[in-house]
Amino acid sequence: MRSAGDIERAIERHGDAVWRVAVLYFHAHADAQDAFQDAFLKYALADQVAFNDDEHLKAWLLRTALQRCADVKRRWLRHPVLPLEEIAGQAAEEDAEAGALWEAVAALPAPMRMTVHLYYAEGYRTEEIAAMMG
């Protein structure tokens, strides 16, 4: 594992570039933060990787962040996710009773709400949900 000083220097020198790439890719602050953090976490753990110079490190960090962005986007395409609020809003437009149902689901405690969401909105089987949620 790399030293804290190495990681801090990399963030100081290349953090802005990695951040800009992630924000441009996602246009969403939270997703960009995840890509940024993952790139520097991978750098911290990749102590066996030797960099020729500072530009090589920068290119590696940018490539790592872009790979993380692409991974997230592929996951979105395979498993599209809508916030419960949007699902409730769509259901209310289509059917008032269904809207009331999704509002009730939104009021459930988090583990129960997630279970219902994974089953009905994402299409996972109960065995898969049990494995995911422990």
Side-chain angles (χ1 to χ4, degrees):
M1 187 163 177
R2 296 190 189 276
S3 72
D6 287 343
I7 298 165
E8 287 176 19
R9 277 189 296 282
I11 291 172
E12 286 172 11
R13 289 180 182 153
H14 308 298
D16 288 343
V18 173
W19 177 249
R20 283 191 303 270
V21 163
V23 169
L24 286 171
Y25 193 95
F26 284 118
H27 305 289
H29 191 73
D31 297 322
Q33 283 179 326
D34 288 344
F36 179 90
Q37 290 172 359
D38 287 348
F40 284 100
L41 177 62
K42 196 167 186 177
Y43 169 70
L45 298 175
D47 57 348
Q48 71 280 3
V49 177
F51 298 101
N52 299 333
D53 56 24
D54 207 40
E55 281 303 310
H56 182 211
L57 170 60
K58 180 180 178 181
W60 186 91
L61 286 167
L62 292 174
R63 187 175 62 252
T64 301
L66 283 171
Q67 287 171 346
R68 174 64 177 139
C69 292
D71 290 345
V72 169
K73 193 156 196 166
R74 274 192 298 276
R75 187 170 3 112
W76 288 348
L77 294 173
R78 276 188 241 128
H79 303 286
V81 177
L82 291 175
L84 286 175
E85 297 80 23
E86 281 187 38
I87 294 170
Q90 289 176 356
E93 291 172 7
E94 295 173 9
D95 182 354
E97 288 182 28
L101 173 64
W102 281 110
E103 286 176 20
V105 169
L108 291 171
M112 294 172 74
R113 183 175 62 239
M114 184 59 64
T115 301
V116 171
H117 175 75
L118 290 171
Y119 185 82
Y120 290 103
E122 301 299 328
Y124 287 101
R125 295 186 336 256
T126 53
E127 298 83 16
E128 295 171 317
I129 296 168
M132 281 188 241
M133 306 222 17

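No experiment lies behind these values; they were computed from the predicted model shown. Residue numbers run from 1 in the order of the sequence given.
- Note that OH of Tyr119 is 7.0 Å distant from OG1 of Thr126, once rounded to the nearest 0.5 Å.
- Sorted by first and then second residue, the salt bridge (charged side-chain N to carboxylate O under 4.0 Å, His left out) pairs involving residues 44-55 (not counting sequence neighbours) are Arg13-Asp54.
- In this structure, Gln67 CD and Asp38 CG are separated by 11.5 Å, a value rounded to the nearest 0.5 Å.
- Contact of the Val49 side chain with the Arg2 side chain is registered, since non-hydrogen atoms from C-beta on lie closer than 4.5 Å.
- Distance check: Phe36 CZ to Ile11 CD1 gives 5.5 Å after rounding to the nearest 0.5 Å.
- Annotation: side chain of Thr64 is not in contact with side chain of Tyr43 (no heavy-atom distance under 4.5 Å).
- From Leu108, atom CG reaches atom CD of Glu103 across 12.5 Å, with rounding to the nearest 0.5 Å.
- Here the shortest heavy-atom pairing between Cys69 and Ala22 reads SG-CA, 4.2 Å.
- The one candidate from Arg74, Arg68, Arg75 that meets the salt bridge (charged side-chain N to carboxylate O under 4.0 Å, His left out) condition with Asp71 is Arg74.
- Side-chain heavy-atom separations under 4.5 angstrom define the hydrophobic clusters, and the remaining members of the one that includes Met1 are Leu41, Leu45.
- Under the side chain to side chain donor-acceptor pair (under 3.5 Å) criterion, Gln33 pairs with His29, sequence neighbours left out.
- The side chain to side chain donor-acceptor pair (under 3.5 Å) test applied to Asp34 returns no partner, not counting sequence neighbours.
- Residues passing the salt bridge (Lys or Arg N to Asp or Glu O under 4.0 Å) test with Glu127 are Arg125, sequence neighbours excluded.
- Proximity of Lys42 to Trp60: side-chain heavy atoms (C-beta onward) are separated by under 4.5 Å at one or more points.
- Residues forming a side chain to side chain donor-acceptor pair (under 3.5 Å) with Arg9 (at least two apart in sequence, or on another chain): Asp6.
- When the side chains of ILVMFWY residues are joined at heavy-atom separations under 4.5 Å, either directly or via intervening members, Val116 and Met133 end up in a single hydrophobic cluster.
- The two residues Ala39 and Val18 come nearest to each other via the heavy atoms CB-CG1, 4.3 Å.
- The two residues Leu57 and Ala10 come nearest to each other via the heavy atoms CD2-CB, 4.1 Å.
- When all heavy atoms are compared, the tightest approach of Lys73 to Tyr25 is CD-OH, 3.6 Å.
- You'll find the side chain of Val72 reaches within 4.5 Å of the side chain of Phe26, heavy atoms only.
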